[in-house]
Amino acid sequence: MTHRILVFYGSYRSDRTGIRLAQFVVEGLRGRGEDVELIDAKAVGLPMLDRMYKEYPKGAAPAVLEKLAGQIRDADGFVFITGEYNWGVQPGLKNLTDHFLEEWFWRPAAIASYSAGRFAGARAATAWHGTLSEMGMVVISSSIAAGTISQTLSADGKPIGEGGKALERAFPRFADDLMWWIEAAKLQRARKAPPY
Ligand SMILES: Cc1cc2nc3c(=O)[nH]c(=O)nc-3n(C[C@H](O)[C@H](O)[C@H](O)COP(=O)(O)O)c2cc1C
């Protein structure tokens, strides 16, 4: 069965590198037959948070928020691609996610982190774990992490060198874990309506 998965990425930098990991994850999941869409926060281009989607009267939210709300509601699961700025999360992606709350509920989320250095964005991944839990997602325990990203993935997201091999080895367990929870959550939502 095909699952609908949204992959979020949120660097606004001109010379951004994390798009490589986003492409790798999108292609990896598509290769397993999943229905995957990349949501690039820079391309979406939301302004800094003013009103959350739910704070608009019904039907009055800007079209971009209405579209994203529908995409989030219709998804079976999420992957968050995160880089690390000064041990924290990237503001563009955080800004996009903060526009929504209930739309995220009752689905699993996975975290894939990266950085220019060897720590692979681990501190940002830790921060996202709590944030995604607060937003009603079940964060899976498997994660993938790409250190020295420019030496791990080529400009078009293909694994290179030893780092690329390690990423390829880690990917199947990451995807299996996400799919298991996606199926579990989907079955439970069909069996019993979420309590709130
Ligand atoms: C403002 C800023 C802060 C950064 N802070 C960290 C950091 O705390 N830890 C780290 O490993 N890399 C840090 N880096 C380096 C990033 O890992 C690297 O620039 C990476 O390419 C950023 O992702 P992006 O290219 O997708 O924007 C920082 C980069 C920027 C621009």
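Heavy atoms only: backbone and side chains are in, while hydrogens, waters and symmetry mates are out. All ligand and atom numbering here is 1-based and tracks the order in the structure. For clarity, every value in this text was computed on a predicted model and none was experimentally measured.
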Exercise. For ligand 1, is any non-hydrogen atom under 4.0 Å from Glu84's backbone (N, CA, C, O), its side chain (CB onward), both, or neither?
Worked result: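 Glu84 to ligand 1: contacts from backbone and side chain alike.
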Problem set entry | Phe119 and ligand 1 - part of the residue with a heavy-atom distance under 4.0 Å |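 Answer for Phe119: neither.
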Polar-atom distance check: [X] versus ligand 1, any N or O pair below 3.5 Å?
X: Arg16; answer: no
X: Gly18; answer: yes
X: Ala116; answer: yes

Can you report which non-hydrogen protein atom sits closest to [atom], along with the distance?
atom: atom 8 (O) of ligand 1; value: Trp87 N, 2.8 Å
atom: atom 31 (C) of ligand 1; value: Arg13 CD, 3.8 Å
atom: atom 27 (O) of ligand 1; value: Ser11 OG, 2.6 Å
atom: atom 26 (O) of ligand 1; value: Tyr114 OH, 2.5 Å
atom: atom 30 (C) of ligand 1; value: Tyr85 CD2, 3.6 Å
atom: atom 20 (C) of ligand 1; value: Thr17 OG1, 3.8 Å

Quick check for you: to the nearest 0.5 Å, what is the distance between [X] atom [atom1] and [Y] atom [atom2]?
X: Gln188; Y: Glu183; atom1: CD; atom2: CD; result: 14.5 Å
X: Leu96; Y: Phe8; atom1: CG; atom2: CZ; result: 6.5 Å
X: Gln23; Y: Ile81; atom1: CD; atom2: CD1; result: 10.5 Å
X: Arg189; Y: Lys192; atom1: CZ; atom2: NZ; result: 15.0 Å

Quick check on [X]: does its [atom1] atom have over 12 non-hydrogen neighbours (other residues, nucleotides or ligands) under 6.0 Å away?
X: Glu134; atom1: CD; answer: no
X: Arg173; atom1: CZ; answer: no
X: Lys67; atom1: NZ; answer: no
X: Phe119; atom1: CZ; answer: no

Exercise. Which of these passes ring-ring contact (aromatic ring centres under 6.0 Å, His included) with Phe78: Trp104, Tyr9, Phe100?
Worked result: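 Exactly one option meets the ring-ring contact (aromatic ring centres under 6.0 Å, His included) with Phe78, and it is Trp104.
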Exercise. Are Tyr12 and ligand 1 in contact, using a heavy-atom cut-off of under 4.0 Å?
Worked result: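 The answer is no: ligand 1 sits nowhere under 4.0 Å from a heavy atom of Tyr12.
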Exercise. Does ligand 1 have any atom that is closer than 4.0 Å to a heavy atom of Gly83?
Worked result: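 Contact check Gly83 vs ligand 1: negative.
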Exercise. For atom 5 (N) of ligand 1, which candidate among Asp15, Asn86, Ile19 provides the closest heavy atom?
Worked result: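 Ranked by closest heavy atom to atom 5 (N) of ligand 1, first place is Asn86.
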